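Heads up: the structure comes next, in structure tokens.
Note: hydrogens, waters and symmetry copies are ignored here, and every other heavy atom, side chains too, is used. Counting from 1, the numbers follow the sequence of the chain as shown. When a ligand or atom number is given, it counts from 1 through the structure's own listing order. Because the structure is a prediction, the values reported are computed rather than measured.
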Amino acid sequence: MKRALILTDIQNDFLPGGALAVPEGDAILPFVVRLLRSGRSYDLLVVTQDWHPEGHGSFASSHEGAKPFQLGELGGNAQMLWPDHCIEGTDGARLAVEIEEVLAEQKAAGRPIHTVRKGQDSAVDSYSAFFDNARRHDTGLQAVLDKHDIEEVDVVGLALDYCVKYTALDAASLGFNTRVLLEGCRAVDPSSLELVLAEFADAGVAWIDGST
Ligand code: VGL
Ligand code: ZN
């Protein structure tokens, strides 16, 4: 049974001091680094990056009079409005340096790595690593997983209540045996945890509390 690890948006802007800092976002780093160095047999590493053009429609700054963390609208759908974040090519959009380092080691060791950049269409947000929120674009990740005969996926990263959640829900709905490793995740809204876990339970997404 082949297994992939999806590293979701572990980018500077989601870490403390970043433009859209996730509470305790940096607390996942030692766990994720350990997981990658443990020699655990992931057949494929998938690295996702939120990768927005300037003026992206999910930014509050693109909506007259709106403030970050207000609910707005984008393309006729409800949209949480965010501070400007993960603008393509900026330092905030780069992976955490700890992740860059461990990925360089993994690459040197011959581990296949596939990178997904998402959120490039200003007219729609894109939380999941598979599809944008309106399901207009397919990132091609499903085809890559299929090509590598992946049947199981583990998911870690930021943020648990947005990109990790939608990635895991899509993975399960596409038929992958999906687990979220909670020690490797933190939420924008930590009080959302119970709700997120209930959604996972309904969708057949498994989660693991401690180390694997
Ligand atoms: C994310 C909010 C906006 C995430 C991305 O990676 O969870 N959250 N863009
Ligand atoms: Zn974003």
As an exercise, state the distance from CG of D9 to CD1 of I99, rounded to the nearest 0.5 Å. 12.0 Å
Within less than 2.8 Å of the Zn ion (ligand 2), any N, O or S from H85? yes
N or O pair under 3.5 Å between F14 and ligand 1: no
Which atom of D50 is nearest the Zn ion (ligand 2), counting N, O or S only? It is OD2
Could you say whether the N/O atoms of H85 and ligand 1 ever approach to under 3.5 Å? yes
Count the heavy atoms belonging to other residues, nucleotides or ligands that lie under 6.0 Å from CZ of R111, then report whether that count exceeds 12. yes
Specify side chain, backbone, both or neither for M80, according to which of its non-hydrogen atoms lie closer than 4.0 Å to ligand 1. neither
Is the shortest N/O to N/O distance between K118 and ligand 1 below 3.5 Å? no
Students should be able to answer this: which protein heavy-atom is nearest to atom 5 (C) of ligand 1, and at what distance? D50 OD2, 3.1 Å
Which label fits F69 and W82: parallel for a plane angle under 30°, tilted from 30 to 60°, or perpendicular past 60°? perpendicular
Any N or O on L158 sitting closer than 3.5 Å to an N or O of ligand 1? yes
Short list, please: which atoms of ligand 1 are under 4.0 Å from a heavy atom of D9? 4 (C), 6 (O)
Hey, mind stepping through D50 and H52 against side-chain hydrogen bond (donor to acceptor under 3.5 Å, both in side chains) and telling me if it holds? CA-CA 6 Å; D50 212 31; H52 296 306; 2.9 Å; yes
In H52, the N/O/S atom nearest the Zn ion (ligand 2) carries the name NE2
Could you tell me whether ligand 1 has any atom less than 4.0 Å away from a heavy atom of Q11? no
Taking only non-hydrogen atoms of C163 and a 4.0 Å limit, the atoms of ligand 1 in range are 1 (C), 4 (C), 5 (C), 6 (O), 7 (O)
Between E199 and K165, is there a salt bridge with N-O shorter than 4.0 Å? yes
State which residue, out of D26, T8, L158, fulfils the side-chain contact (heavy atoms from CB on, under 4.5 Å) condition with F14. L158
Residue, atom name and distance, where the atom is the protein heavy atom closest to atom 8 (N) of ligand 1: Y162 CB, 3.8 Å
Between Q106 (side chain) and L36 (backbone), is there a donor-acceptor pair under 3.5 Å? yes
With a cut-off of 2.8 Å, does D125 place any N/O/S atom under that distance from the Zn ion (ligand 2)? no
For F131, is the NZ or CZ atom of R135 found under 6.0 angstrom from the centre of its six-membered ring and inside 45 degrees of the ring axis? yes
Interatomic distance, E54 atom CD to F59 atom CZ [nearest 0.5 angstrom]: 8.5 Å
